**Q** 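Sharing a structure below in structure tokens format, with a few things to ask.
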There are 2 protein chains.
Amino acid sequence: MTGINEVAVLAGVSTATVSRALSGNGHVSLATQSRVKAAALELGYVVSSNASGLATGRTKNVGVVIPFLTRWYYSSVIEGAEQALLSHGYDLTLYNLSGGGDERRSVFEHFLLRKRVDAVIAISLELTASELASLFEMNKPIVGIGGPLPGVRTLSIDDVKVARLATEHLLSLGHTSIAHIGGDTSVELDFHLPTNRRVGYEAALEAVGIPIDPELFAAADFSVPGGYRAAKQLLGNPRKRPTAVFAASDEMAIGTILAARDLGLAVPGDVSVMGIDDHELAGFFGLSTVAQFPAAQGRMAVELLMEELHPGRHVAAANTPLHFELIVRSSTARPRYSASER
Amino acid sequence: MTGINEVAVLAGVSTATVSRALSGNGHVSLATQSRVKAAALELGYVVSSNASGLATGRTKNVGVVIPFLTRWYYSSVIEGAEQALLSHGYDLTLYNLSGGGDERRSVFEHFLLRKRVDAVIAISLELTASELASLFEMNKPIVGIGGPLPGVRTLSIDDVKVARLATEHLLSLGHTSIAHIGGDTSVELDFHLPTNRRVGYEAALEAVGIPIDPELFAAADFSVPGGYRAAKQLLGNPRKRPTAVFAASDEMAIGTILAARDLGLAVPGDVSVMGIDDHELAGFFGLSTVAQFPAAQGRMAVELLMEELHPGRHVAAANTPLHFELIVRSSTARPRYSASER
DNA sequence: ATGAAAGCGCTAACAC
DNA sequence: GTGTTAGCGCTTTCAT
């Protein structure tokens, strides 16, 4: 392994100068600078992050903690974060909590604390008090995405508003019998999210004087099959089949579309379907949805961290509220005349 | 940050003893050992991976390089690898190449080489000669998953056999007109994979004397929409509609099922559909498939690395060929009598 | 079984 | 603008 010494020798300078020339800290004449860089290149020299980290106290590495990896939303956030980190010269180390209790404990007790990371990004996590305490003990910047963590700067779309917007789209088309597929609280993610979306849905209905009907609610697990099952229940109800279904995620909405098809119901002819996310398959299924932008969220989280880590160096858009956007495709339409009596 | 010194003081021993007691290297009396551990626990001490890494030359960290993150297969492999690494006390740092050329270069030129990792796992990657050279220069264990990398120990299912098995399942049901949806080579993953699967498909047909018909092949990008489009082409052919479609991935097979439905064709009544992967949605769609087990593949890659990193310590199943398994669900059946003349 | 001390490879004062 | 040098926090000989 070629070290800083060999570069120094080859360039005919001291190691300190090599360090300065390569890191950009301190003043080095342009001439030496280029000599050093050439030498480094020639030798294929790369700093040892361990040594550098030990000396500076900074690791150029951030930890990302997620509850799942195999869901579109999470992997998209990570993709965005990873790109942004890379561009700032940082690495991303991944802590996936989906393994369950033990894994979760060991992540919090050992891994995050190893001084391996300069900061952490926590995605859609509901943390226990002691987990939060662990994090705070580290005294490192933390930013959350999606779940309001007490005491942590968190990036969140306004789930209430998003759900309300989705519901209002349906209302504006003339639907009055709108079902909602929301989360059950069993899923190990921030449990405010399903609640908030349900609140937004109900608020939209109440605003136009439509009473909330508990029979028009079904819980599912944010997956396609879960949405399918829930939608079958809702759409199979012989007494009051809704003319529209608003699912709290696109995956559940896609399940709903498939359920409708299997029941012989046309979308949007017999039933309109609305989701949230703008999942990669939303376009394919013609799903109307409220888009959120997970990759952008990941990037933004990184910008926030960079600002804390390198004060003054960045002029990132600090407190931009997270963007969302109604996207109308072909799964929503006016309710068919007298559709509910057919 | 509490350091090893404070632990030493509290336990009334030297830092050397603390190090030994905590790492398990060297001999420490049981009494001291427990005193040290208690002290460490009380102070919430965790080793600095930087300092430890600098002293030992080992980072307890492995780099995982992937071409995509938002596909089921890749995130599943990572999930498996992450769990296994965690259980060995290792961290996982993620290098996602999906960003494109520049990102890719910087990963290879700067990041992997920072001595930040003890080993690397490369998933389904087709590497350039210089990228491979970078990796070898590091002189660290590498294991590949899925793409045969010259000179690298690689874990691979036998794609030819897998595809052959899938095709034989269709043949054994009595199908003789079997289309194949394979990869186009544009996708930035190991391009042997689509080729090998196609080879297996053709071998199965030739073995029973069925000529290969280029009109029964369509290329797609391993996605659901891609499979859908390809299937529409194949199944829409007025002169020779196949009675079965074998797609090189479950996502494309799911696209095929949806395409068939949209054409009014029953699955498996009018057309049987077969995939590869056992994607999380395969069960939901009743898709017959040849399962591979990405999480297990990730775990196995880790075991291999551990063996190299800690020789003699592990008795992992070294050269187990990767497991695959035919799973018959409801998307395949005998061809309907005279289906092709309808 | 334990302690003293010499680094691991780099950075950051501090001199010049 | 550049060199000298003292650590960063741990591990690991080498003694004892």
Side-chain angles (χ1 to χ4, degrees), chain A residues 1-37 39-40 43-61 89 110 113-118 138-139 309-310, chain B residues 1-37 39-40 43-61 89 110 113-118 138-139 309-310:
Chain A
M1 281 297 93
T2 63
I4 198 172
N5 254 302
E6 319 178 29
V7 180
V9 171
L10 181 62
V13 294
S14 73
T15 61
T17 302
V18 173
S19 174
R20 287 189 277 251
L22 259 28
S23 71
N25 295 9
H27 296 272
V28 180
S29 77
L30 259 67
T32 359
Q33 209 169 113
S34 58
R35 245 179 329 124
V36 169
K37 283 184 178 159
L43 297 173
Y45 167 76
V46 188
V47 295
S48 152
S49 56
N50 275 335
S52 164
L54 223 209
T56 58
R58 277 172 281 99
T59 64
K60 290 276 206 170
N61 189 32
H110 299 295
L113 303 163
R114 275 203 209 169
K115 293 126 185 176
R116 202 190 258 303
V117 301
D118 290 340
M138 297 176 51
N139 230 341
L309 292 171
H310 310 283
Chain B
M1 280 296 92
T2 64
I4 199 173
N5 253 303
E6 320 180 27
V7 180
V9 171
L10 181 63
V13 295
S14 73
T15 61
T17 302
V18 173
S19 174
R20 286 190 277 251
L22 261 27
S23 71
N25 295 9
H27 296 274
V28 180
S29 77
L30 258 68
T32 352
Q33 208 169 112
S34 58
R35 242 173 337 117
V36 169
K37 282 183 178 159
L43 296 173
Y45 168 75
V46 188
V47 296
S48 152
S49 56
N50 274 335
S52 163
L54 183 53
T56 59
R58 279 172 280 99
T59 64
K60 291 276 205 170
N61 190 30
H110 299 295
L113 304 163
R114 274 204 209 169
K115 293 130 187 174
R116 203 189 257 303
V117 301
D118 290 340
M138 296 177 50
N139 229 341
L309 292 172
H310 311 283

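Predicted model, so just to flag it, every value in this text is computed and none were measured. First the proteins, then the strands, lettered A, B, ... as listed; each starts at 1. Side chains are part of it too, since the values below use all heavy atoms of this structure and drop only hydrogens, waters and symmetry mates.
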**Q** Need two values: the first and the last nucleotide of DNA chain D, 5' to 3', having an atom under 4.0 Å from any heavy-atom of chain B.
**A**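 Contact span on the strand: D:dG9 to D:dT13.
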**Q** Any side-chain heavy atom of B:V36 sitting closer than 4.5 Å to one from B:V13?
**A**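 SC-SC contact between B:V36 and B:V13 confirmed.
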**Q** Round to a whole Å and report the spacing from CG of A:N50 to C1' of C:dC10.
**A**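 After rounding, the gap between these two atoms is 11 Å.
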**Q** Are the side chain of B:D118 and the backbone N or O of B:K60 linked by a donor-acceptor pair below 3.5 Å?
**A**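 Yes, because the side chain of B:D118 sits within donor-acceptor range (under 3.5 Å) of the backbone of B:K60.
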**Q** Round to the nearest Å and state the distance from A:L54 atom CG to C:dC8 atom C1'.
**A**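 Interatomic distance, CG of A:L54 to C1' of C:dC8: 9 Å.
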**Q** Go nucleotide by nucleotide along DNA chain C from the 5' end; which of B:G12 and A:T17 gets its closest nucleotide reached first?
**A**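 By nearest-heavy-atom nucleotide position, the 5'-most residue is B:G12.
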**Q** Over all strands shown, is B:V18 touching base, sugar-phosphate only, or nothing at heavy-atom distances under 4.0 angstrom?
**A**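 B:V18: no heavy atom of the nucleic acid under 4.0 Å.
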**Q** Could you tell me whether a side-chain N or O of A:T59 sits under 3.5 Å from a main-chain N or O of A:R116, the two making a donor and an acceptor?
**A**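 Checked: pair present.
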**Q** Look at the side-chain N and O atoms of B:S29 and state whether any lies under 4.0 Å from the OP1 or OP2 oxygen of C:dT2.
**A**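 Yes, within the criterion.
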**Q** Calculate the interatomic distance between B:I4 atom CD1 and C:dA5 atom P; express it in whole Å.
**A**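 After rounding, the reported distance stands at 17 Å.
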**Q** Search all heavy atoms of B:A21 against all heavy atoms of B:K37 and return the closest pair with its distance.
**A**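 So the minimum-distance heavy-atom pair works out to O-CE, 4.0 Å.
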**Q** Taking all heavy atoms of A:R20 and all of A:G26, pick out the closest pair and write down the distance.
**A**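 Between these two residues, the closest heavy atoms are CD-CA, 4.2 Å.
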**Q** Less than 4.5 Å apart, side chain to side chain, heavy atoms only: is that true for A:T17 and A:V28?
**A**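 Heavy-atom side-chain distance check passes, below 4.5 Å.
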**Q** Between atom CZ in A:R58 and atom P in C:dA12, what is the gap in whole Å?
**A**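 Taking CZ of A:R58 and P of C:dA12, I get 6 Å after rounding.
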**Q** Under 4.0 Å, heavy atoms only, any strand: does A:T32 hit a base, just the sugar-phosphate, or nothing?
**A**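 Contact class for A:T32: sugar-phosphate only.
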**Q** To the nearest Å, give me how far apart NE2 (A:H27) and P (C:dA13) are.
**A**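 Going from NE2 in A:H27 over to P in C:dA13 covers 14 Å.
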